[in-house]
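Below is one structure, written out as structure tokens; the observations come after it.
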Amino acid sequence: MGQDQTKQQIEKGLKLYQSNDTEKALYVWMKVLRKTSDPGGKFRVLGCLITAHSEMGKYKEMLQYSLAQINTAREMEDPDYLTEGYLNLARSNEKLCEFQKTVSYCETCLNMQGTTVSLQLNGQVCLSMGNAYLGLSVFQKALVSYEKALRYAHNNDDKMLECRVCCSLGNFYIQLKDYEKALFFPCKAAELVNDYGKGWSLKYRAMSQYHMSVAYRKLLRLADAMECCEESMKIALQHGDRPLQALCLLNFADIHRCQKDVDKAFPRYESSMCIMSEIGNRLGQASIYVGVGKCWILQKEYDKALDSLQRAHDLAETIGNKLCILKVHSLCEGIYRCKEQQDELREQVVKFLQCVEELELYCGMCGESIGERNQQLQALPCSHIFHLKCLQTNGTKGCPKCHRSSVKLGFV
């Protein structure tokens with residue numbers, strides 16, 4: 001199969017895929033992969049297969065196609081193709097919660113000496129790197145990466161990238177418990193979808209609605225949370241987006257738990273776990289175990305809660321998510337206090353404080369913790385984060401942590 005025929009068949013597959021005829025699209029692309037003699041065509045069709053398998057949640061297959069794409073790029077000795085290949089390799093590892101590998105591949109991308117084509121991918125590279133750092137609970141580096149990604153999006157007028165970064169920033173502030181910002185950023189993403197997204201995939205609308213739903217739940221606006229999550233789930237079901245279905249089911253379960261309706265929460269946690277296990281999202285699985293543990297705590301079934309929380313802890317340790325480990329110690333501390341088991345209680349308090357110290361989750365001005373309750377936060381341009389009230393009350397001629405000179409507040 002020559003260059004022209006390869007191009008025609010790839011376009012045919014894309015039209016089928018955009019019409020939600022995924023199986024036929026995959027058949028066409030696999031046929032191209034077997035028969036094409038054009039290296040550039042092979043690279044492009046592998047890119048199509050990577051995207052499709054990512055959206056289906058088949059991350060191990062996504063990784064295999066990414067490795068094949070890198071090998072093709074190496075044969076072609078083209079830095080632009082290599083940059084794109086390493087980006088897909090980074091994304092594959094991000095989806096599989098291999099966050100250290102993701103950071104490493106992203107750094108390789110940013111060090112490539114490509115043309116303007118590969119430079120345009122740098123925003124996506126920074127987004128993936130930010131997501132990986134967030135997965136590792138390295139908050140300042142995550143924020144630095146997100147700010148760089150936003151800068152690339154603004155400089156290149158890339159509204160799709162801006163939309164994705166806003167959703168990630170929503171997740172960032174959920175974890176640090178600034179729920180106003182956690183809602184602001186996905187709302188901004190939804191505005192971008194409404195203003196510019198006529199020709200975009202519906203996944204962008206679904207993604208923004210999901211992140212809005214999580215923020216509404218944290219703000220205890222549960223009716224709004226349910227409405228947004230239902231909208232997101234509807235699109236995820238229409239498009240066969242298994243990863244988003246799993247996230248929506250987890251959020252539905254958390255909403256029911258907030259309503260203290262554990263009988264509705266448990267089956268949704270179970271359904272979410274089935275998909276999370278199938279696709280290999282270990283961070284999602286850890287979040288489910290934390291939610292289930294909280295349900296058992298509501299029912300005063302403390303031994304069952306401890307078992308679930310231990311499972312969450314073990315998963316979080318395998319992927320290096322320190323924030324999840326901290327949450328587990330905090331919940332276990334509460335359980336042992338109720339059970340009046342003083343030795344176990346002291347052990348959990350010590351471990352909790354160690355986690356806080358490792359994560360540097362405290363304001364550099366007042367010394368109080370960040371992420372313990374809903375509080376407004378603000379980042380300086382150096383990406384160090386403080387309580388907004390501390391910056392407003394005390395002011396600063398420079399960052400108290402790194403002493404960089406700046407009075408101006410950062411955008412995010």
Side-chain angles (χ1 to χ4, degrees), residues 134 139 166-191 205-234 236 244 246-272 283-284 286-301 305 308-309 312 323-324 326-328 330-335 337-338 361 363 368-378 385 387-389 412:
L134 189 58
F139 296 107
C166 283
C167 287
S168 287
L169 282 166
N171 186 26
F172 177 90
Y173 282 108
I174 282 289
Q175 295 194 33
L176 291 183
K177 296 191 178 181
D178 181 345
Y179 299 142
E180 286 190 27
K181 276 193 170 70
L183 181 59
F184 168 82
F185 283 106
C187 283
K188 174 67 176 172
E191 282 178 22
R205 176 168 177 76
M207 187 169 58
S208 62
Q209 292 294 311
Y210 163 73
H211 287 284
M212 285 167 64
S213 175
V214 175
Y216 280 134
R217 173 175 60 80
K218 291 290 190 178
L219 289 163
L220 297 179
R221 293 170 58 177
L222 300 183
D224 292 327
M226 188 65 80
E227 184 181 338
C228 289
C229 202
E230 284 171 351
E231 173 70 16
S232 184
M233 186 63 158
K234 180 181 173 185
L244 186 55
L247 290 171
C248 287
L249 284 164
L250 169 55
N251 196 38
F252 281 135
D254 285 336
I255 291 168
H256 290 306
R257 175 175 54 77
C258 289
Q259 294 168 329
K260 294 186 168 49
D261 190 346
V262 295
D263 290 336
K264 283 186 178 176
F266 278 132
R268 284 159 182 80
Y269 283 130
E270 190 176 340
S271 297
S272 181
L283 185 54
S287 299
I288 292 167
Y289 281 127
V290 169
V292 170
K294 288 178 178 178
C295 283
W296 288 125
I297 290 170
L298 283 172
Q299 296 193 315
K300 293 183 167 51
E301 294 274 6
S308 188
L309 292 171
L323 185 65
C324 184
L326 180 142
K327 287 178 184 175
V328 168
S330 176
L331 290 165
C332 288
E333 180 186 328
I335 291 171
R337 185 170 279 111
C338 290
L361 280 177
C363 175
E368 290 182 12
S369 62
I370 285 172
E372 196 172 320
R373 62 186 185 277
N374 183 14
Q375 287 180 305
Q376 284 184 278
L377 306 173
Q378 183 62 57
I385 302 164
H387 293 127
L388 178 61
K389 62 179 174 59
V412 298

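Keep in mind that the numbers below use all heavy atoms, side chains included, and drop hydrogens, waters and symmetry copies.
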In terms of heavy-atom contacts, L247 and Y210 come closest through O-CE1, 3.6 Å

Lys/Arg-Asp/Glu bridge criterion (N-O < 4.0 Å) met for E230, K234
no

Heavy-atom closest pair, residues S168 and L134
O-CD2, 4.4 Å

What are the two closest heavy atoms between R217 and A225, and how far apart are they?
N-CB, 3.6 Å

Which heavy atom of A286 sits nearest to which heavy atom of C324, and what is that distance?
CB-SG, 4.0 Å

For Q259, does the CD atom sit with more than 12 other heavy atoms under 6.0 Å from it, leaving out its own atoms?
yes

Heavy-atom check, side chain of E270 versus side chain of F266, under 4.5 Å
no

So, S208 side chain and R205 main chain: donor-acceptor pair closer than 3.5 Å or not?
yes

Determine, using ring centers only, whether Y289 and W296 are less than 6.0 Å apart.
no

Show the nearest heavy-atom pair for residues A265 and C295, with the distance to one decimal.
CB-SG, 4.0 Å

Taking all heavy atoms of K188 and all of C166, pick out the closest pair and write down the distance.
CG-SG, 3.7 Å

Whether over 12 other heavy atoms sit under 6.0 Å from E227 CD:
no

